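Both backbone and side-chain heavy atoms feed into the values below; hydrogens, waters and symmetry mates do not. All residue numbers refer to positions in the sequence shown, counting from 1. Owing to the predicted nature of the structure, the values given are computational and were not obtained by experimental measurement.
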Amino acid sequence: MNVYFKTKIVACIFLVLLTGCNPMNATSEKYEKNGETTADGDPVYRKNQHPTEAYKLTMTIEDAPGPFEWISGTAFYQMTNHEQCTPIEPIAGVWSKSKEDGIPINFQKIDPTTYVATIYADGMVDADYYGKGVCNFELNGVGISLKATGKQADTRFQPALFKSEILSSTPKVTYFWKGRYPKEDMDNFPDGGKTNIDQFNDSARNNIFKITLAAEKVAP
């Protein structure tokens, strides 16, 4: 979608995975004053227990310099009517309540270079979380992180799919420089890769691998 969304993937993917997201409740609910809340007292955005709008996500890795023993991913969701369904801060005059959430992606290894998973467009529960009307969520993108061994020092190779790319079902190729495998000089280095080989210099261009992501809508 844009640089903002890609930055959010890099910054938030591990925080989302640490929240322990599990499917909960129905797809649309009315405001409940006694619902589950965060440590700050804000309502917890719920996960749809029975989603139906499924997409098959396939990840293919080609010419990697070694194996990836640690792979994780997150499907990101954004509130489309954030200013209408969340309260404004009376003093600052801003809408400070979170407008995003995420659901971990569970990949199944098909062979050494192919992984598949299922994501859902209706993964979040649309509900009246703040007593100001139903908050509507939509799938905003997918972020994935791969590490050689899973150690903190390893480079995080991070391909992503944005909303438009998921809906179009067009495969997306992201290229990565092999020189950052298994690690860079900086621990836990985030590498978002490049979508065009010409974006690499002459030396790196001959030493790359690629990851292809493809989303296909599953018939109900």
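Salt bridge Lys147/Glu69: absent, no basic N to carboxylate O contact under 4.0 Å. Looking at Asp191 and Arg180, a side-chain N of the basic residue comes within less than 4.0 Å of a carboxylate O on the acidic one, giving a salt bridge. Looking at Glu165 and Lys172, a side-chain N of the basic residue comes within less than 4.0 Å of a carboxylate O on the acidic one, giving a salt bridge.
Here the NZ-OG distance, from Lys217 to Ser168, works out to 13.0 Å after rounding to the nearest 0.5 Å. With values rounded to the nearest 0.5 angstrom, Asp63 atom CG is found 10.5 Å from Asn207 atom CG. With values rounded to the nearest 0.5 angstrom, Asp126 atom CG is found 10.0 Å from Glu138 atom CD. A distance of 6.0 Å separates CG in Asp101 from CZ in Phe137, rounded to the nearest 0.5 Å. For the atom pair CE of Met79 and NZ of Lys99, the computed distance is 10.0 Å after rounding to the nearest 0.5 Å. Taken from CG in Leu161 to CD1 in Ile144, the straight-line distance is 6.5 Å, to the nearest 0.5 Å.
Under a cut-off of 6.0 angstrom, the local environment of CG in Asn196 is crowded, with over 12 non-hydrogen atoms contributed by other residues, nucleotides or ligands. Counting non-hydrogen atoms of neighbouring residues, nucleotides and ligands closer than 6.0 angstrom, the CD atom of Glu216 reaches no more than 12 such neighbours.
When all heavy atoms of Ala75 and Ile119 are compared, the closest pair comes out as CB-CG2, 4.3 Å. Among all heavy-atom pairs drawn from Pro43 and Tyr130, the shortest one is CD-CE2, 3.4 Å. When every heavy atom of Arg156 is checked against every heavy atom of Asn188, the shortest pair comes out as NE-OD1, 2.9 Å. Minimum heavy-atom separation, Trp177 to Ile208: CA-CG2, 4.2 Å. Residues Pro67 and Tyr181 approach most closely at O-OH, 2.6 Å, considering heavy atoms. For the pair Lys183 and Ala153, the tightest heavy-atom approach, listed with the atom from each and the gap, is CB-O, 3.4 Å.
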Show your working on side-chain contact (heavy atoms from CB on, under 4.5 Å) between Ile61 and Phe68 and close with a plain yes or no. CA-CA 10 Å; Ile61 305 168; Phe68 291 101; 4.0 Å; yes
Stepwise side-chain contact (heavy atoms from CB on, under 4.5 Å) test for Tyr115 and Leu57: CA-CA 8 Å; Tyr115 298 78; Leu57 180 64; over 6 Å; no
Starting from the C-alpha separation in whole Å, work towards a yes-or-no answer on ring pair (Phe, Tyr, Trp, His ring centres under 6.0 Å) for Tyr120 and Tyr77. CA-CA 10 Å; Tyr120 294 93; Tyr77 298 83; 9.5 Å; no
Does the pair Thr212 and Glu62 meet the rule for a side-chain contact (heavy atoms from CB on, under 4.5 Å), with working shown? CA-CA 8 Å; Thr212 302; Glu62 297 181 58; 4.2 Å; yes
For the pair Thr155 and Glu184, evaluate side-chain hydrogen bond (donor to acceptor under 3.5 Å, both in side chains) and give the outcome as yes or no after the intermediate values. CA-CA 6 Å; Thr155 295; Glu184 256 283 7; over 6 Å; no
Does the pair Met124 and Ile103 meet the rule for a side-chain contact (heavy atoms from CB on, under 4.5 Å), with working shown? CA-CA 9 Å; Met124 295 297 299; Ile103 298 177; 4.2 Å; yes
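Applying the salt bridge (charged side-chain N to carboxylate O under 4.0 Å, His left out) rule to pairs touching residues 197-207 yields Asp202-Arg205, sequence neighbours excluded. Listed by first and then second residue, the disulfide bond (SG atoms under 2.5 Å apart) pairs involving residues 42-148 are Cys85-Cys135 (not counting sequence neighbours).
For Thr149 (side chain) and Lys151 (main-chain N/O), a donor-acceptor pair under 3.5 Å exists by modelled atom type. The main-chain N or O of His82 is found under 3.5 Å from a side-chain atom of Thr86 such that the two form a donor-acceptor pair. In this structure, the side chain of Asn140 does not engage the main chain of Gln78 through any donor-acceptor pair within 3.5 Å. The closest donor-acceptor contact from the side chain of Asp42 to the backbone of Thr38 lies at 3.5 Å or more, if one exists at all. At distances below 3.5 Å, not a single donor-acceptor pair connects side-chain atoms of Arg46 with backbone N or O atoms of Val125. Between the side chain of Asn81 and the backbone N or O of Asn136, at least one donor-acceptor pair lies under 3.5 Å. Within the 3.5 Å criterion, the main-chain N or O of Thr52 finds a donor-acceptor partner in the side chain of Asp122. A donor-acceptor distance shorter than 3.5 angstrom exists from the side chain of Trp95 to the backbone of Glu83, with no hydrogens or angles considered. Ser169 places a side-chain N or O within donor-acceptor distance of the main-chain N or O of Ala215, the cut-off being under 3.5 Å.
Judged as a ring pair (Phe, Tyr, Trp, His ring centres under 6.0 Å), and not counting sequence neighbours, the contacts of Phe176 are Phe157, Phe209.
Residues Leu146 and Val173 do not share a hydrophobic cluster, defined by chaining ILVMFWY side chains whose heavy atoms lie under 4.5 Å apart. Met59 and Ile110 fall into different hydrophobic clusters, where Ile, Leu, Val, Met, Phe, Trp and Tyr are joined by side-chain heavy atoms under 4.5 Å apart, directly or via other members. Linking ILVMFWY side-chain heavy atoms closer than 4.5 Å, directly or via other members, places Val218 and Leu139 in two distinct hydrophobic clusters. Residues Leu213 and Ile197 do not share a hydrophobic cluster, defined by chaining ILVMFWY side chains whose heavy atoms lie under 4.5 Å apart. Phe107 and Val116 fall into different hydrophobic clusters, where Ile, Leu, Val, Met, Phe, Trp and Tyr are joined by side-chain heavy atoms under 4.5 Å apart, directly or via other members.
With a 6.0 Å cutoff to the six-membered ring centre and a 45° limit on the axis angle, Lys97 does not count as a cation-pi contact of Tyr45.
Using a 4.5 Å cut-off on side-chain heavy atoms (C-beta onward), Thr74 and Val142 make no contact.
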